[in-house]
Amino acid sequence: MYYDDDTIIFLNGKWIYAREAKTGLYKQSFHYGNGVFEGIRAYATHEGHCKILKAREHFERLQYSAEQMYMDLPYSVDEMVQWAYALLAKNNLQDAYIRPLVFTEENMGLQPENKTNLFMCAWNWGQYFSDLGVNLVTSEFTRPDPRSCRVEAKVTGHYTNSILALNAAKKQGYDEALLLDQEGFVAEASGANFFFQKGDVIFTAPRGNILPGITRSIVFDLCRENGYTLRETRFKPEDVYDADGAFLTGTAAEISAVSSLDGIAFKRLWKDTFGYRLQQQFMHYVRAA
Ligand code: PMP
């Protein structure tokens, strides 16, 4: 699914075949989970070009994440954006998912390594969630405490939390987990931000216990353009049960409808919610030149 015999990847300034790429078993990132990465989407525009959605913002966040984890990433945003476009061209990709990953060298200690590696690959990736609507369950796992990690950095090790929450949700028969913060307020899903609508107001969790998504900020812009009232505020699962509708946002998730939380279905049909209108506008926006 991710690569075949012809796939080309980027590694430390070089273009190589994915099938020939190698990495070592002694890398610090592999043992201790301190890699940093991004998930980025590219879309074929209505005019037939390829556009990487919010390319600069993603590479700026990669730089931020690296800095937070004491990793040296000696490349400019411009350089990395150019490499991402070259990667798509070399692999004849347009509608694609791009994955940059920064990982450290061989080191069994916990100190930073002088040399880091930048790996970038891309593949064709369709819709992450089905159109039918996601059934969410409040997770038994909480989001990592901001006092014990850099929550706003996209660190590989943080995703063990997402893996636990998602798999526990699936085992219970749900599609996705909704994770709370340390004080019992809703934070986000395992790999996406959460929004819900009540009447004329859209609510989402504030920064502090979430990865503040780039898609989340596009939704903020679209709400402003539509004149929708958006509130970043703390809330509990009980506040969501009588919502009119809800949705998830993320690079992979795009804008995906949520049908229910903890087995309780939302009041309105998806098509009658602000979320649906935002989804339509978002899908147009990502393909606009
Ligand atoms: N929260 C988490 C935990 C995520 O992994 C993601 C995906 N990167 C998001 C939110 C959404 O972020 P973005 O819109 O930048 O993809």
Side-chain angles (χ1 to χ4, degrees), residues 33 35-43 52-66 68-69 77 80-81 84 96-102 120 122 125-129 134 136 138-139 141-146 148-169 175-182 185-196 202 204-223 230 232 246-256 258 275 278-279 281-283 285-286:
V36 297
F37 70 107
E38 271 304 314
I40 311 175
R41 265 194 202 257
Y43 293 90
I52 300 177
L53 186 64
K54 299 280 181 192
R56 296 193 65 81
E57 287 80 353
H58 280 284
F59 285 106
E60 280 164 8
R61 187 166 68 186
L62 187 68
Q63 283 183 332
Y64 165 82
S65 301
Q68 292 298 309
M69 295 309 292
V77 168
M80 292 189 282
V81 170
Y97 186 85
I98 305 164
R99 166 55 54 84
L101 169 71
V102 183
M120 225 189 293
W125 217 24
Q127 218 173 305
Y128 187 72
F129 289 117
V134 177
L136 284 179
T138 303
S139 184
F141 295 99
T142 57
R143 284 297 292 162
D145 191 320
S148 57
C149 68
R150 306 289 190 207
V151 275
E152 297 203 354
K154 206 165 161 63
V155 181
T156 56
H158 294 179
Y159 284 79
T160 52
N161 170 254
S162 300
I163 288 169
L164 288 170
L166 177 65
N167 286 286
D175 303 312
E176 178 49 293
L178 188 63
L179 290 85
L180 307 181
D181 66 20
Q182 306 296 306
F185 293 99
V186 172
E188 60 183 335
S190 68
N193 294 116
F194 176 76
F195 291 74
F196 72 98
I202 296 179
T204 196
R207 284 170 78 149
N209 289 280
I210 60 167
L211 184 81
I214 291 166
T215 322
R216 177 180 179 270
S217 64
I218 298 175
V219 167
F220 281 24
D221 292 342
L222 291 175
C223 283
L230 177 88
E232 276 180 276
F247 55 94
L248 295 173
T249 69
T251 298
E254 299 173 307
I255 295 184
S256 293
V258 176
L278 291 167
Q279 185 190 48
Q281 290 169 10
F282 177 80
M283 291 320 294
Y285 168 80
V286 299

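Note that the structure is a prediction, hence the values are computed from the model and not measured. Positions are given from 1, in the same order as the sequence printed here. As the structure lists them, so they are numbered: ligands from 1, and atoms in each ligand from 1.
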As a test of understanding, state which of R61, K54, K154 forms a salt bridge (charged side-chain N to carboxylate O under 4.0 Å, His left out) with E38. R61

V151/R143 under side-chain contact (heavy atoms from CB on, under 4.5 Å): CA gap, chis, key distance, verdict: CA-CA 9 Å; V151 275; R143 284 297 292 162; 5.5 Å; no

Could you tell me whether ligand 1 has any atom less than 4.0 Å away from a heavy atom of G39? no

Of the non-hydrogen atoms in I210 and A187, which two are nearest, and what is the gap between them? CG2-O, 3.3 Å

Please name the pair of heavy atoms, one in S190 and one in L166, separated by the smallest distance, quoted to 0.1 Å. OG-CB, 4.0 Å

Hey, which atoms in ligand 1 end up nearer than 4.0 Å to a heavy atom of K154? 5 (O), 7 (C), 8 (N)

Give the C-alpha distance, both sets of side-chain angles, the deciding distance and a yes or no for side-chain contact (heavy atoms from CB on, under 4.5 Å) between L179 and N161. CA-CA 10 Å; L179 290 85; N161 170 254; 3.4 Å; yes

Give the residue and atom name of whichever protein heavy atom lies nearest to atom 14 (O) of ligand 1, and the separation in Å to one decimal. T215 OG1, 2.6 Å

With a 4.5 Å heavy-atom cut-off, do E254 and F247 have their side chains touching? no

Looking only at N/O atoms, are T251 and ligand 1 under 3.5 Å apart anywhere? yes

Is the shortest N/O to N/O distance between A189 and ligand 1 below 3.5 Å? no

Is R61 in polar range of ligand 1, meaning some N or O pair under 3.5 Å apart? yes

For atom 6 (C) of ligand 1, what is the closest protein heavy atom, and at what distance to 0.1 Å? G191 O, 3.3 Å

Side chain or backbone, does S190 bring an N or O within less than 3.5 Å of an N or O on ligand 1? no

Rounded to the nearest 0.5 angstrom, the OG-NE2 distance for S65 and H158 is 9.0 Å

Between I218 and L53, does a side-chain contact (heavy atoms from CB on, under 4.5 Å) hold up when you go through it step by step? CA-CA 10 Å; I218 298 175; L53 186 64; 4.1 Å; yes

Quick test: of every protein heavy atom, which one is nearest to atom 15 (O) of ligand 1, and how far off is it to 0.1 Å? I214 N, 2.7 Å

Nearest protein heavy atom to atom 5 (O) of ligand 1, by residue and atom, and its distance? Y159 OH, 2.5 Å

Under 4.0 Å from one or more heavy atoms of G250, ligand 1 contributes atoms 11 (C), 14 (O), 16 (O)

Without swapping roles, check the side chain of N209 against the backbone of D181 for a donor-acceptor pair under 3.5 Å. no

In terms of the angle between their ring planes, are F37 and Y159 parallel, tilted or perpendicular, with boundaries placed at 30° and 60°? perpendicular

Is any N or O atom of E188, backbone or side chain, closer than 3.5 Å to an N or O atom of ligand 1? yes

Which of the ligand 1 atoms, numbered from 1, are nearer than 4.0 Å to a heavy atom of N193: 10 (C), 11 (C)

Any idea which protein heavy atom is nearest atom 12 (O) of ligand 1, and the distance to it? G213 CA, 3.3 Å

Test of understanding: given a 4.0 Å heavy-atom threshold, classify the contact between S162 and ligand 1 as side chain, backbone, both, or neither. neither

So, is R216 polar-close to ligand 1, with some N/O to N/O distance under 3.5 Å? no

